[in-house]
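Below, chain A is the first sequence line, B the second, and so on; all start at residue 1. In this text the structure is predicted, and so the values were computed from the model without any measurement.
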Protein chains: 2
Amino acid sequence: MQYEKYHELKRHIAVDCVIFGYEQEQLKLLVFKRAIEPAKGKWSLIGGWVKEEESAEDAARRVLVNLTGLQDVFMEQVQTFSKPDRDPGGNVVTVSFYALVKVEKYSNQLIHEFGAQWINISELPQLIFDHDEMVARALEKLRLKSRYDLIGRQLLPEKFTITSLRNLYNEIFQKQFDPGNFRKKVLSLKVLERQEEKDMSESRKGAFYYKFNDIEEEGFNDPIFKRSF
Amino acid sequence: MQYEKYHELKRHIAVDCVIFGYEQEQLKLLVFKRAIEPAKGKWSLIGGWVKEEESAEDAARRVLVNLTGLQDVFMEQVQTFSKPDRDPGGNVVTVSFYALVKVEKYSNQLIHEFGAQWINISELPQLIFDHDEMVARALEKLRLKSRYDLIGRQLLPEKFTITSLRNLYNEIFQKQFDPGNFRKKVLSLKVLERQEEKDMSESRKGAFYYKFNDIEEEGFNDPIFKRSF
DNA sequence: ACAAAAGTGTTAGCCGTACACCCATGT
DNA sequence: ACATGGGTGTACGGCTAACACTTTTGT
(Lines give C-alpha, C1' and ligand atoms only; values in the text may rest on other atoms or scores of the structure.)
Protein backbone atom coordinates (compact mmCIF):
# COMPACT_ATOMS: atom_id res chain seq x y z
CA MET A 1 0.00 0.00 0.00
CA GLN A 2 3.01 2.27 0.34
CA TYR A 3 3.52 4.24 -2.82
CA GLU A 4 7.29 4.18 -2.47
CA LYS A 5 7.34 0.46 -2.74
CA TYR A 6 4.97 -0.30 -5.49
CA HIS A 7 7.33 0.24 -8.36
CA GLU A 8 9.24 -2.83 -7.28
CA LEU A 9 6.24 -5.02 -7.73
CA LYS A 10 4.88 -6.14 -11.03
CA ARG A 11 1.44 -4.78 -11.73
CA HIS A 12 -1.22 -3.24 -9.54
CA ILE A 13 -4.89 -2.55 -9.83
CA ALA A 14 -6.25 0.73 -8.57
CA VAL A 15 -9.30 2.97 -8.70
CA ASP A 16 -9.55 6.72 -9.14
CA CYS A 17 -12.61 8.78 -8.30
CA VAL A 18 -13.88 11.80 -10.20
CA ILE A 19 -16.01 13.41 -7.52
CA PHE A 20 -18.53 16.00 -8.68
CA GLY A 21 -20.24 18.41 -6.33
CA TYR A 22 -22.48 21.43 -6.69
CA GLU A 23 -21.91 24.45 -4.52
CA GLN A 24 -22.78 28.12 -4.89
CA GLU A 25 -24.40 27.45 -8.23
CA GLN A 26 -21.19 25.96 -9.57
CA LEU A 27 -20.25 22.48 -10.67
CA LYS A 28 -17.10 21.52 -8.85
CA LEU A 29 -14.62 18.72 -8.66
CA LEU A 30 -12.88 17.45 -5.56
CA VAL A 31 -9.16 17.42 -6.25
CA PHE A 32 -6.21 16.65 -4.05
CA LYS A 33 -2.81 18.15 -3.52
CA ARG A 34 -0.46 15.21 -3.32
CA ALA A 35 1.45 14.93 -0.07
CA ILE A 36 3.80 12.23 -1.28
CA GLU A 37 6.09 11.42 -4.14
CA PRO A 38 5.89 10.97 -7.02
CA ALA A 39 4.39 14.24 -8.21
CA LYS A 40 4.28 15.65 -4.69
CA GLY A 41 2.49 18.98 -4.57
CA LYS A 42 0.71 18.36 -7.87
CA TRP A 43 -3.04 18.07 -8.17
CA SER A 44 -4.68 14.71 -8.66
CA LEU A 45 -7.81 12.71 -8.17
CA ILE A 46 -8.25 10.55 -5.13
CA GLY A 47 -7.74 6.85 -5.54
CA GLY A 48 -6.68 3.65 -3.89
CA TRP A 49 -5.59 0.11 -4.48
CA VAL A 50 -8.06 -2.62 -5.24
CA LYS A 51 -7.56 -5.35 -2.69
CA GLU A 52 -7.46 -8.96 -3.78
CA GLU A 53 -10.69 -9.81 -2.07
CA GLU A 54 -12.76 -6.92 -3.40
CA SER A 55 -14.06 -5.61 -6.72
CA ALA A 56 -13.13 -2.26 -8.21
CA GLU A 57 -16.60 -1.04 -7.25
CA ASP A 58 -16.00 -2.07 -3.65
CA ALA A 59 -12.66 -0.32 -3.65
CA ALA A 60 -14.04 2.90 -5.07
CA ARG A 61 -16.83 2.90 -2.50
CA ARG A 62 -14.32 2.21 0.26
CA VAL A 63 -12.19 5.14 -0.84
CA LEU A 64 -15.22 7.40 -0.87
CA VAL A 65 -16.53 6.29 2.49
CA ASN A 66 -13.10 6.65 3.97
CA LEU A 67 -12.86 10.15 2.60
CA THR A 68 -16.32 11.49 3.28
CA GLY A 69 -18.06 9.15 5.65
CA LEU A 70 -20.99 9.10 3.23
CA GLN A 71 -22.38 5.65 2.61
CA ASP A 72 -24.85 5.90 -0.22
CA VAL A 73 -23.21 8.02 -2.85
CA PHE A 74 -24.12 7.68 -6.49
CA MET A 75 -21.22 6.16 -8.37
CA GLU A 76 -20.63 4.74 -11.83
CA GLN A 77 -17.73 3.13 -13.59
CA VAL A 78 -16.27 5.23 -16.37
CA GLN A 79 -13.30 3.59 -18.01
CA THR A 80 -10.19 1.57 -17.35
CA PHE A 81 -6.76 2.97 -18.07
CA SER A 82 -4.06 0.43 -18.57
CA LYS A 83 -1.14 1.75 -20.56
CA PRO A 84 1.87 0.17 -18.84
CA ASP A 85 3.70 3.49 -18.57
CA ARG A 86 0.77 5.68 -17.57
CA ASP A 87 1.96 5.92 -13.96
CA PRO A 88 5.67 6.67 -13.67
CA GLY A 89 5.72 4.99 -10.27
CA GLY A 90 4.92 1.56 -11.64
CA ASN A 91 2.64 -0.52 -13.80
CA VAL A 92 -0.83 0.37 -12.57
CA VAL A 93 -4.13 -0.50 -14.16
CA THR A 94 -6.72 1.98 -12.94
CA VAL A 95 -10.48 1.70 -13.12
CA SER A 96 -11.99 5.17 -12.98
CA PHE A 97 -15.34 6.07 -11.46
CA TYR A 98 -17.32 9.21 -11.13
CA ALA A 99 -19.39 10.10 -8.10
CA LEU A 100 -22.05 12.68 -7.37
CA VAL A 101 -22.09 14.02 -3.83
CA LYS A 102 -23.91 16.66 -1.88
CA VAL A 103 -21.25 19.15 -0.89
CA GLU A 104 -23.31 20.31 2.08
CA LYS A 105 -22.92 16.93 3.71
CA TYR A 106 -19.17 17.07 3.64
CA SER A 107 -17.15 17.76 6.69
CA ASN A 108 -14.68 20.48 5.87
CA GLN A 109 -12.36 19.01 8.40
CA LEU A 110 -12.08 15.80 6.45
CA ILE A 111 -11.39 17.70 3.32
CA HIS A 112 -8.46 19.61 4.79
CA GLU A 113 -7.14 16.50 6.38
CA PHE A 114 -6.77 14.95 2.95
CA GLY A 115 -5.48 18.09 1.27
CA ALA A 116 -8.61 18.26 -0.78
CA GLN A 117 -10.29 21.19 -2.43
CA TRP A 118 -13.47 21.81 -4.39
CA ILE A 119 -12.54 23.50 -7.66
CA ASN A 120 -14.86 24.84 -10.30
CA ILE A 121 -15.00 22.58 -13.31
CA SER A 122 -13.87 25.33 -15.67
CA GLU A 123 -10.97 26.42 -13.50
CA LEU A 124 -9.30 23.08 -12.97
CA PRO A 125 -5.52 23.00 -12.75
CA GLN A 126 -3.63 20.41 -14.69
CA LEU A 127 -3.79 17.04 -13.01
CA ILE A 128 -1.14 14.35 -12.87
CA PHE A 129 -0.74 11.39 -15.20
CA ASP A 130 -3.86 10.78 -17.27
CA HIS A 131 -6.24 12.21 -14.68
CA ASP A 132 -7.22 15.02 -17.02
CA GLU A 133 -8.51 12.45 -19.44
CA MET A 134 -10.37 10.69 -16.66
CA VAL A 135 -12.14 13.92 -15.82
CA ALA A 136 -12.96 14.57 -19.46
CA ARG A 137 -14.43 11.12 -19.89
CA ALA A 138 -16.35 11.36 -16.64
CA LEU A 139 -17.82 14.68 -17.69
CA GLU A 140 -18.89 13.18 -21.00
CA LYS A 141 -20.59 10.41 -19.14
CA LEU A 142 -22.25 12.86 -16.77
CA ARG A 143 -23.55 14.86 -19.72
CA LEU A 144 -24.91 11.76 -21.34
CA LYS A 145 -26.66 10.78 -18.16
CA SER A 146 -28.03 14.29 -17.66
CA ARG A 147 -29.55 14.09 -21.08
CA TYR A 148 -31.54 10.97 -20.33
CA ASP A 149 -32.10 11.38 -16.60
CA LEU A 150 -33.05 14.37 -14.58
CA ILE A 151 -29.99 14.48 -12.38
CA GLY A 152 -29.79 16.64 -9.32
CA ARG A 153 -31.13 14.20 -6.80
CA GLN A 154 -27.55 13.33 -5.94
CA LEU A 155 -26.07 16.80 -6.24
CA LEU A 156 -28.61 19.26 -4.90
CA PRO A 157 -29.75 19.65 -1.31
CA GLU A 158 -32.97 17.99 -0.24
CA LYS A 159 -34.95 21.10 -1.12
CA PHE A 160 -33.99 23.27 -4.05
CA THR A 161 -35.51 25.74 -6.48
CA ILE A 162 -36.07 25.16 -10.16
CA THR A 163 -33.61 27.96 -10.77
CA SER A 164 -30.93 26.05 -8.90
CA LEU A 165 -31.63 22.96 -10.92
CA ARG A 166 -31.46 24.97 -14.11
CA ASN A 167 -28.18 26.47 -13.03
CA LEU A 168 -26.84 22.98 -12.47
CA TYR A 169 -27.76 22.10 -16.04
CA ASN A 170 -26.26 25.36 -17.26
CA GLU A 171 -23.02 24.34 -15.59
CA ILE A 172 -23.02 20.80 -16.90
CA PHE A 173 -23.64 21.79 -20.50
CA GLN A 174 -21.97 25.19 -20.38
CA LYS A 175 -25.07 26.69 -21.89
CA GLN A 176 -27.88 28.98 -20.74
CA PHE A 177 -31.17 27.14 -20.70
CA ASP A 178 -34.29 29.25 -21.16
CA PRO A 179 -35.88 29.69 -17.72
CA GLY A 180 -39.48 29.25 -18.81
CA ASN A 181 -38.90 26.32 -21.11
CA PHE A 182 -36.64 24.56 -18.66
CA ARG A 183 -39.24 24.86 -15.93
CA LYS A 184 -42.01 23.44 -18.08
CA LYS A 185 -39.78 20.64 -19.27
CA VAL A 186 -38.67 19.37 -15.89
CA LEU A 187 -42.09 19.74 -14.31
CA SER A 188 -43.60 17.70 -17.13
CA LEU A 189 -41.43 14.78 -16.08
CA LYS A 190 -43.47 14.42 -12.91
CA VAL A 191 -40.54 13.67 -10.67
CA LEU A 192 -40.54 16.89 -8.66
CA GLU A 193 -42.84 17.78 -5.79
CA ARG A 194 -43.46 21.36 -4.89
CA GLN A 195 -43.03 22.23 -1.21
CA GLU A 196 -44.94 24.84 0.76
CA GLU A 197 -41.84 26.74 1.64
CA LYS A 198 -40.22 29.37 -0.55
CA ASP A 199 -36.66 30.50 -0.98
CA MET A 200 -36.78 34.26 -0.41
CA SER A 201 -33.08 34.91 -0.83
CA GLU A 202 -32.95 35.30 -4.56
CA SER A 203 -35.96 37.40 -5.37
CA ARG A 204 -38.71 39.54 -3.89
CA LYS A 205 -41.36 37.17 -5.03
CA GLY A 206 -39.60 34.09 -3.71
CA ALA A 207 -39.22 30.74 -5.42
CA PHE A 208 -40.89 27.56 -4.32
CA TYR A 209 -38.68 24.77 -3.12
CA TYR A 210 -39.01 21.40 -4.79
CA LYS A 211 -38.04 17.89 -3.82
CA PHE A 212 -37.46 14.81 -5.91
CA ASN A 213 -40.24 12.33 -5.31
CA ASP A 214 -39.46 8.79 -4.32
CA ILE A 215 -40.88 6.88 -7.22
CA GLU A 216 -39.08 5.80 -10.33
CA GLU A 217 -35.38 6.24 -9.89
CA GLU A 218 -34.83 4.83 -13.36
CA GLY A 219 -34.18 6.89 -16.43
CA PHE A 220 -36.53 7.83 -19.22
CA ASN A 221 -36.51 6.14 -22.57
CA ASP A 222 -36.21 9.30 -24.57
CA PRO A 223 -33.63 11.98 -24.12
CA ILE A 224 -34.99 14.81 -22.01
CA PHE A 225 -32.93 17.29 -23.95
CA LYS A 226 -32.76 16.35 -27.58
CA ARG A 227 -30.86 19.15 -29.20
CA SER A 228 -27.13 19.60 -29.31
CA PHE A 229 -25.48 21.82 -26.77
CA MET B 1 -1.12 -18.34 -20.21
CA GLN B 2 -2.20 -21.85 -19.37
CA TYR B 3 -5.66 -21.85 -17.88
CA GLU B 4 -4.93 -24.86 -15.66
CA LYS B 5 -2.25 -22.97 -13.85
CA TYR B 6 -3.69 -19.58 -13.26
CA HIS B 7 -5.68 -20.40 -10.19
CA GLU B 8 -2.47 -20.85 -8.29
CA LEU B 9 -1.42 -17.29 -8.95
CA LYS B 10 -2.87 -14.28 -7.28
CA ARG B 11 -4.71 -12.02 -9.66
CA HIS B 12 -4.75 -11.71 -13.42
CA ILE B 13 -5.85 -9.14 -15.91
CA ALA B 14 -7.66 -10.24 -19.01
CA VAL B 15 -9.76 -8.97 -21.88
CA ASP B 16 -12.91 -10.38 -23.42
CA CYS B 17 -14.28 -9.42 -26.83
CA VAL B 18 -17.92 -9.08 -27.78
CA ILE B 19 -17.63 -9.40 -31.54
CA PHE B 20 -20.61 -8.24 -33.56
CA GLY B 21 -21.12 -9.11 -37.19
CA TYR B 22 -23.89 -8.69 -39.74
CA GLU B 23 -24.73 -11.52 -42.04
CA GLN B 24 -27.84 -12.47 -43.99
CA GLU B 25 -29.67 -9.46 -42.62
CA GLN B 26 -29.04 -10.60 -39.07
CA LEU B 27 -27.00 -9.15 -36.25
CA LYS B 28 -24.76 -11.89 -34.96
CA LEU B 29 -22.24 -12.50 -32.26
CA LEU B 30 -19.10 -14.57 -32.54
CA VAL B 31 -19.11 -17.09 -29.70
CA PHE B 32 -16.81 -19.93 -28.84
CA LYS B 33 -17.20 -23.45 -27.64
CA ARG B 34 -14.60 -23.89 -24.97
CA ALA B 35 -12.10 -26.62 -25.67
CA ILE B 36 -10.59 -26.59 -22.20
CA GLU B 37 -11.57 -26.65 -18.59
CA PRO B 38 -13.13 -25.06 -16.72
CA ALA B 39 -16.51 -24.98 -18.38
CA LYS B 40 -15.32 -27.11 -21.27
CA GLY B 41 -17.96 -27.41 -23.96
CA LYS B 42 -19.80 -24.33 -22.75
CA TRP B 43 -20.18 -21.20 -24.85
CA SER B 44 -18.13 -18.14 -24.10
CA LEU B 45 -16.64 -14.99 -25.54
CA ILE B 46 -13.09 -14.97 -26.80
CA GLY B 47 -10.50 -13.40 -24.56
CA GLY B 48 -6.91 -13.41 -23.50
CA TRP B 49 -4.48 -12.25 -20.86
CA VAL B 50 -3.19 -8.73 -20.79
CA LYS B 51 0.59 -8.92 -20.86
CA GLU B 52 2.60 -6.77 -18.52
CA GLU B 53 4.02 -4.65 -21.29
CA GLU B 54 0.75 -3.91 -23.08
CA SER B 55 -2.52 -2.10 -22.42
CA ALA B 56 -5.91 -3.75 -22.36
CA GLU B 57 -6.60 -2.14 -25.74
CA ASP B 58 -3.44 -3.67 -27.14
CA ALA B 59 -4.41 -7.05 -25.76
CA ALA B 60 -7.91 -6.92 -27.19
CA ARG B 61 -6.55 -5.94 -30.58
CA ARG B 62 -3.98 -8.71 -30.40
CA VAL B 63 -6.68 -11.26 -29.63
CA LEU B 64 -8.73 -10.05 -32.55
CA VAL B 65 -5.86 -9.99 -35.01
CA ASN B 66 -4.81 -13.40 -33.90
CA LEU B 67 -8.31 -14.66 -34.43
CA THR B 68 -9.25 -12.99 -37.67
CA GLY B 69 -6.14 -11.58 -39.25
CA LEU B 70 -8.00 -8.27 -39.59
CA GLN B 71 -5.93 -5.27 -38.59
CA ASP B 72 -8.21 -2.27 -38.51
CA VAL B 73 -11.33 -3.40 -36.74
CA PHE B 74 -13.52 -0.95 -34.87
CA MET B 75 -13.27 -1.60 -31.16
CA GLU B 76 -14.35 0.16 -28.00
CA GLN B 77 -13.94 -0.49 -24.31
CA VAL B 78 -17.17 -1.38 -22.55
CA GLN B 79 -16.67 -2.12 -18.91
CA THR B 80 -14.38 -3.77 -16.43
CA PHE B 81 -15.53 -6.75 -14.40
CA SER B 82 -13.63 -7.36 -11.22
CA LYS B 83 -15.61 -9.32 -8.66
CA PRO B 84 -12.98 -11.60 -7.10
CA ASP B 85 -15.11 -14.70 -7.58
CA ARG B 86 -16.45 -13.98 -11.06
CA ASP B 87 -14.19 -16.58 -12.63
CA PRO B 88 -14.16 -19.89 -10.77
CA GLY B 89 -10.70 -20.59 -12.12
CA GLY B 90 -9.08 -17.75 -10.25
CA ASN B 91 -9.15 -14.07 -9.47
CA VAL B 92 -9.40 -12.41 -12.86
CA VAL B 93 -10.12 -8.79 -13.61
CA THR B 94 -11.47 -8.56 -17.13
CA VAL B 95 -11.79 -5.50 -19.33
CA SER B 96 -14.48 -6.10 -21.92
CA PHE B 97 -14.54 -4.66 -25.42
CA TYR B 98 -16.92 -4.81 -28.28
CA ALA B 99 -15.86 -5.00 -31.89
CA LEU B 100 -17.65 -4.54 -35.19
CA VAL B 101 -16.39 -6.70 -38.02
CA LYS B 102 -17.33 -7.43 -41.60
CA VAL B 103 -18.29 -11.06 -41.59
CA GLU B 104 -17.48 -11.38 -45.30
CA LYS B 105 -13.81 -10.73 -44.60
CA TYR B 106 -13.55 -13.61 -42.18
CA SER B 107 -11.89 -16.80 -43.07
CA ASN B 108 -14.23 -19.61 -42.18
CA GLN B 109 -11.25 -21.82 -41.64
CA LEU B 110 -10.04 -19.63 -38.80
CA ILE B 111 -13.42 -19.72 -37.23
CA HIS B 112 -13.60 -23.49 -37.14
CA GLU B 113 -10.07 -23.70 -35.93
CA PHE B 114 -11.07 -21.75 -32.85
CA GLY B 115 -14.38 -23.51 -32.36
CA ALA B 116 -16.18 -20.28 -33.14
CA GLN B 117 -19.64 -19.70 -34.47
CA TRP B 118 -21.72 -16.74 -35.56
CA ILE B 119 -24.99 -16.82 -33.66
CA ASN B 120 -27.97 -14.55 -34.06
CA ILE B 121 -28.20 -12.03 -31.28
CA SER B 122 -31.66 -13.17 -30.27
CA GLU B 123 -30.79 -16.86 -30.24
CA LEU B 124 -27.73 -16.77 -28.04
CA PRO B 125 -27.14 -19.67 -25.72
CA GLN B 126 -26.22 -19.01 -22.15
CA LEU B 127 -22.60 -18.01 -21.84
CA ILE B 128 -20.19 -18.78 -19.03
CA PHE B 129 -19.41 -16.63 -16.02
CA ASP B 130 -20.63 -13.07 -16.46
CA HIS B 131 -20.28 -13.11 -20.23
CA ASP B 132 -24.03 -12.67 -20.63
CA GLU B 133 -23.79 -9.39 -18.81
CA MET B 134 -20.85 -8.37 -20.97
CA VAL B 135 -22.95 -8.95 -24.05
CA ALA B 136 -25.87 -7.04 -22.60
CA ARG B 137 -23.70 -4.06 -21.75
CA ALA B 138 -21.97 -4.17 -25.13
CA LEU B 139 -25.33 -4.19 -26.86
CA GLU B 140 -26.44 -1.19 -24.82
CA LYS B 141 -23.32 0.63 -25.86
CA LEU B 142 -23.83 -0.35 -29.48
CA ARG B 143 -27.39 0.98 -29.34
CA LEU B 144 -26.24 4.22 -27.84
CA LYS B 145 -23.63 4.61 -30.53
CA SER B 146 -26.14 3.75 -33.25
CA ARG B 147 -28.34 6.50 -32.00
CA TYR B 148 -25.71 9.19 -32.37
CA ASP B 149 -23.70 7.78 -35.24
CA LEU B 150 -24.78 6.21 -38.44
CA ILE B 151 -23.30 2.83 -37.81
CA GLY B 152 -22.77 0.34 -40.59
CA ARG B 153 -19.46 1.41 -42.01
CA GLN B 154 -17.83 -1.28 -39.89
CA LEU B 155 -20.50 -3.95 -40.28
CA LEU B 156 -21.79 -3.77 -43.83
CA PRO B 157 -19.92 -4.66 -47.00
CA GLU B 158 -18.34 -1.88 -49.02
CA LYS B 159 -21.48 -1.49 -51.11
CA PHE B 160 -24.90 -1.97 -49.58
CA THR B 161 -28.50 -0.95 -50.09
CA ILE B 162 -30.48 1.38 -47.86
CA THR B 163 -32.72 -1.57 -47.12
CA SER B 164 -29.76 -3.53 -45.76
CA LEU B 165 -28.79 -0.62 -43.59
CA ARG B 166 -32.34 -0.32 -42.34
CA ASN B 167 -32.42 -4.01 -41.57
CA LEU B 168 -29.26 -3.61 -39.54
CA TYR B 169 -30.99 -0.92 -37.50
CA ASN B 170 -34.07 -3.09 -37.19
CA GLU B 171 -31.86 -5.80 -35.73
CA ILE B 172 -30.01 -3.52 -33.37
CA PHE B 173 -33.14 -1.95 -31.92
CA GLN B 174 -35.45 -4.90 -32.39
CA LYS B 175 -37.93 -2.62 -34.09
CA GLN B 176 -39.20 -2.08 -37.62
CA PHE B 177 -38.16 1.30 -38.94
CA ASP B 178 -40.41 2.86 -41.53
CA PRO B 179 -38.73 2.36 -44.93
CA GLY B 180 -39.50 5.80 -46.32
CA ASN B 181 -38.68 7.75 -43.21
CA PHE B 182 -35.50 5.81 -42.56
CA ARG B 183 -34.31 6.45 -46.08
CA LYS B 184 -34.92 10.18 -45.87
CA LYS B 185 -33.27 10.36 -42.49
CA VAL B 186 -30.01 8.64 -43.36
CA LEU B 187 -29.69 10.37 -46.71
CA SER B 188 -30.12 13.74 -45.01
CA LEU B 189 -26.98 13.03 -43.02
CA LYS B 190 -24.89 13.37 -46.19
CA VAL B 191 -22.57 10.52 -45.38
CA LEU B 192 -23.73 8.09 -48.06
CA GLU B 193 -22.83 8.15 -51.74
CA ARG B 194 -25.05 6.50 -54.28
CA GLN B 195 -23.33 4.16 -56.71
CA GLU B 196 -24.27 3.51 -60.30
CA GLU B 197 -24.79 -0.16 -59.71
CA LYS B 198 -28.00 -1.69 -58.44
CA ASP B 199 -28.73 -4.75 -56.39
CA MET B 200 -31.25 -6.71 -58.44
CA SER B 201 -31.57 -9.68 -56.11
CA GLU B 202 -34.24 -8.36 -53.79
CA SER B 203 -36.72 -6.72 -56.11
CA ARG B 204 -37.74 -6.31 -59.70
CA LYS B 205 -36.94 -2.65 -59.70
CA GLY B 206 -33.55 -3.06 -58.09
CA ALA B 207 -32.06 -0.99 -55.31
CA PHE B 208 -29.12 1.34 -55.68
CA TYR B 209 -25.98 0.47 -53.81
CA TYR B 210 -24.53 3.07 -51.50
CA LYS B 211 -21.11 3.59 -49.96
CA PHE B 212 -20.07 5.55 -46.92
CA ASN B 213 -18.09 8.58 -48.00
CA ASP B 214 -14.67 9.25 -46.58
CA ILE B 215 -15.23 12.52 -44.81
CA GLU B 216 -16.20 13.02 -41.22
CA GLU B 217 -15.83 9.81 -39.30
CA GLU B 218 -16.94 11.61 -36.14
CA GLY B 219 -20.41 11.49 -34.69
CA PHE B 220 -23.18 14.02 -34.86
CA ASN B 221 -24.07 16.30 -32.02
CA ASP B 222 -27.72 15.39 -31.95
CA PRO B 223 -29.15 11.94 -31.75
CA ILE B 224 -30.08 10.67 -35.18
CA PHE B 225 -32.96 8.75 -33.70
CA LYS B 226 -34.58 10.66 -30.88
CA ARG B 227 -37.54 8.57 -29.91
CA SER B 228 -37.54 5.59 -27.64
CA PHE B 229 -37.41 2.13 -29.11
C1' DA C 1 -43.85 52.98 -8.46
C1' DC C 2 -40.11 50.29 -9.62
C1' DA C 3 -37.00 46.51 -10.03
C1' DA C 4 -36.01 41.82 -10.38
C1' DA C 5 -36.70 37.20 -10.31
C1' DA C 6 -40.60 33.74 -10.55
C1' DG C 7 -43.71 31.83 -13.21
C1' DT C 8 -47.29 31.49 -17.31
C1' DG C 9 -48.84 31.90 -22.05
C1' DT C 10 -48.35 32.11 -27.00
C1' DT C 11 -46.66 31.39 -31.40
C1' DA C 12 -43.91 29.84 -35.23
C1' DG C 13 -41.34 26.42 -37.14
C1' DC C 14 -39.13 22.12 -37.20
C1' DC C 15 -39.24 17.22 -37.31
C1' DG C 16 -40.92 12.52 -36.58
C1' DT C 17 -44.53 9.46 -37.83
C1' DA C 18 -47.88 7.43 -40.57
C1' DC C 19 -49.30 6.37 -44.75
C1' DA C 20 -50.65 7.18 -49.56
C1' DC C 21 -48.84 6.84 -53.86
C1' DC C 22 -45.75 6.36 -57.93
C1' DC C 23 -41.73 3.64 -60.16
C1' DA C 24 -39.37 -0.12 -62.49
C1' DT C 25 -39.23 -4.56 -64.05
C1' DG C 26 -39.23 -9.93 -64.20
C1' DT C 27 -42.57 -13.17 -64.64
C1' DA D 1 -51.06 -7.04 -66.02
C1' DC D 2 -49.57 -7.68 -61.82
C1' DA D 3 -46.88 -8.35 -57.89
C1' DT D 4 -43.05 -6.66 -55.31
C1' DG D 5 -39.81 -4.06 -53.15
C1' DG D 6 -37.76 0.70 -54.20
C1' DG D 7 -38.45 5.27 -53.65
C1' DT D 8 -41.12 10.00 -53.17
C1' DG D 9 -44.66 13.12 -51.36
C1' DT D 10 -47.81 14.87 -47.97
C1' DA D 11 -50.25 15.91 -43.92
C1' DC D 12 -50.90 15.79 -39.08
C1' DG D 13 -49.29 16.30 -34.41
C1' DG D 14 -46.05 17.07 -30.95
C1' DC D 15 -42.33 19.33 -29.30
C1' DT D 16 -38.68 22.98 -28.99
C1' DA D 17 -37.21 27.64 -28.90
C1' DA D 18 -37.97 32.35 -28.57
C1' DC D 19 -40.01 35.70 -26.21
C1' DA D 20 -43.95 38.44 -24.48
C1' DC D 21 -46.43 38.88 -20.53
C1' DT D 22 -48.08 38.54 -15.59
C1' DT D 23 -47.08 37.93 -10.58
C1' DT D 24 -45.10 39.06 -6.23
C1' DT D 25 -43.05 41.85 -2.86
C1' DG D 26 -39.07 44.62 -0.62
C1' DT D 27 -37.39 48.99 -1.09
Side-chain angles (χ1 to χ4, degrees), chain A residues 24-25 146-148 150 152 156 159-170 173-211 220-229, chain B residues 24-25 143 146-148 150 152 156 159-190 192-211 220-229:
Chain A
Q24 293 158 346
E25 312 291 292
S146 307
R147 205 165 185 168
Y148 284 87
L150 189 63
L156 296 166
K159 295 184 290 188
F160 54 88
T161 62
I162 301 285
T163 303
S164 270
L165 181 59
R166 175 166 48 84
N167 262 312
L168 170 59
Y169 267 83
N170 288 348
F173 289 106
Q174 296 288 322
K175 170 204 159 160
Q176 295 299 114
F177 283 83
D178 178 278
N181 295 336
F182 185 87
R183 161 183 306 277
K184 273 175 286 183
K185 184 73 187 185
V186 300
L187 291 180
S188 76
L189 300 174
K190 307 277 183 206
V191 297
L192 299 182
E193 278 172 12
R194 200 174 83 174
Q195 307 302 114
E196 294 304 318
E197 198 185 346
K198 277 188 166 188
D199 169 28
M200 302 305 292
S201 67
E202 298 295 319
S203 73
R204 307 290 140 98
K205 186 180 177 182
F208 281 107
Y209 281 117
Y210 284 79
K211 277 186 185 176
F220 309 95
N221 286 326
D222 298 328
I224 305 175
F225 303 104
K226 301 193 177 65
R227 291 278 197 280
S228 63
F229 296 116
Chain B
Q24 293 158 346
E25 311 293 292
R143 288 197 177 120
S146 307
R147 207 165 184 169
Y148 285 87
L150 188 63
L156 297 167
K159 294 184 292 187
F160 53 88
T161 63
I162 301 286
T163 302
S164 270
L165 180 59
R166 174 165 50 83
N167 262 311
L168 170 58
Y169 267 83
N170 288 347
E171 286 283 306
I172 291 175
F173 290 106
Q174 297 289 324
K175 169 204 160 163
Q176 295 298 113
F177 284 82
D178 179 278
N181 297 335
F182 184 88
R183 163 182 305 278
K184 273 176 286 184
K185 185 70 186 183
V186 301
L187 290 181
S188 76
L189 301 174
K190 307 278 181 204
L192 299 182
E193 278 172 13
R194 201 174 82 173
Q195 308 302 114
E196 294 305 315
E197 199 186 346
K198 276 187 166 189
D199 169 27
M200 302 306 293
S201 66
E202 298 296 319
S203 73
R204 307 291 138 96
K205 185 179 177 182
F208 282 107
Y209 280 117
Y210 284 79
K211 276 186 185 176
F220 309 96
N221 287 326
D222 298 327
I224 304 176
F225 302 104
K226 304 196 174 66
R227 290 278 199 280
S228 63
F229 298 115

Would you call the rings of A/Phe177 and A/Phe173 parallel, tilted or perpendicular, where under 30° means parallel and over 60° means perpendicular?
perpendicular
Provide, to the nearest angstrom, the distance between the CD atom belonging to A/Gln176 and the P atom belonging to D/dA17.
14 Å
Non-neighbouring partners of B/Asp199 that pass side chain to side chain donor-acceptor pair (under 3.5 Å), sequence neighbours left out:
B/Ser201
CG of B/Asp199 versus P of D/dG6: gap in Å, rounded?
8 Å
Without decimals, in angstroms, what is the distance between A/Phe182 CZ and D/dA17 P?
12 Å
dist B/Lys198:NZ -> B/Phe208:CZ (nearest 0.5 Å) comes out at 4.5 Å
Can you tell me how far C1' of D/dT8 sits from CZ of B/Arg183, to the nearest Å?
9 Å
By the 4.0 Å heavy-atom rule, please label A/Thr161 as base, sugar-phosphate, or nothing.
nothing
Please identify each residue that fulfils side-chain contact (heavy atoms from CB on, under 4.5 Å) with B/Glu193, with sequence neighbours left out.
B/Gln195, B/Asn213
Reading nucleotides 18-27 of chain C from the 5' end, what letters show protein touch, with B for base, S for backbone sugar-phosphate only, - for no heavy atom under 4.0 Å?
BB---BBBB-
Please give, in whole Å, the distance from D/dG5 P to B/Leu165 CG?
19 Å
Using 0.5 Å steps for rounding, measure from the CG atom of B/Leu187 to the CD1 atom of B/Ile162.
4.5 Å
Gap between atom CD1 of B/Ile172 and atom CG of B/Asn167 - 0.5 Å precision:
11.0 Å
In this structure, how many angstroms lie between the P atom of D/dG9 and the NZ atom of B/Lys185, rounded?
18 Å
In whole Å, I'd like the distance from the NZ atom of B/Lys175 to the P atom of C/dG16.
11 Å
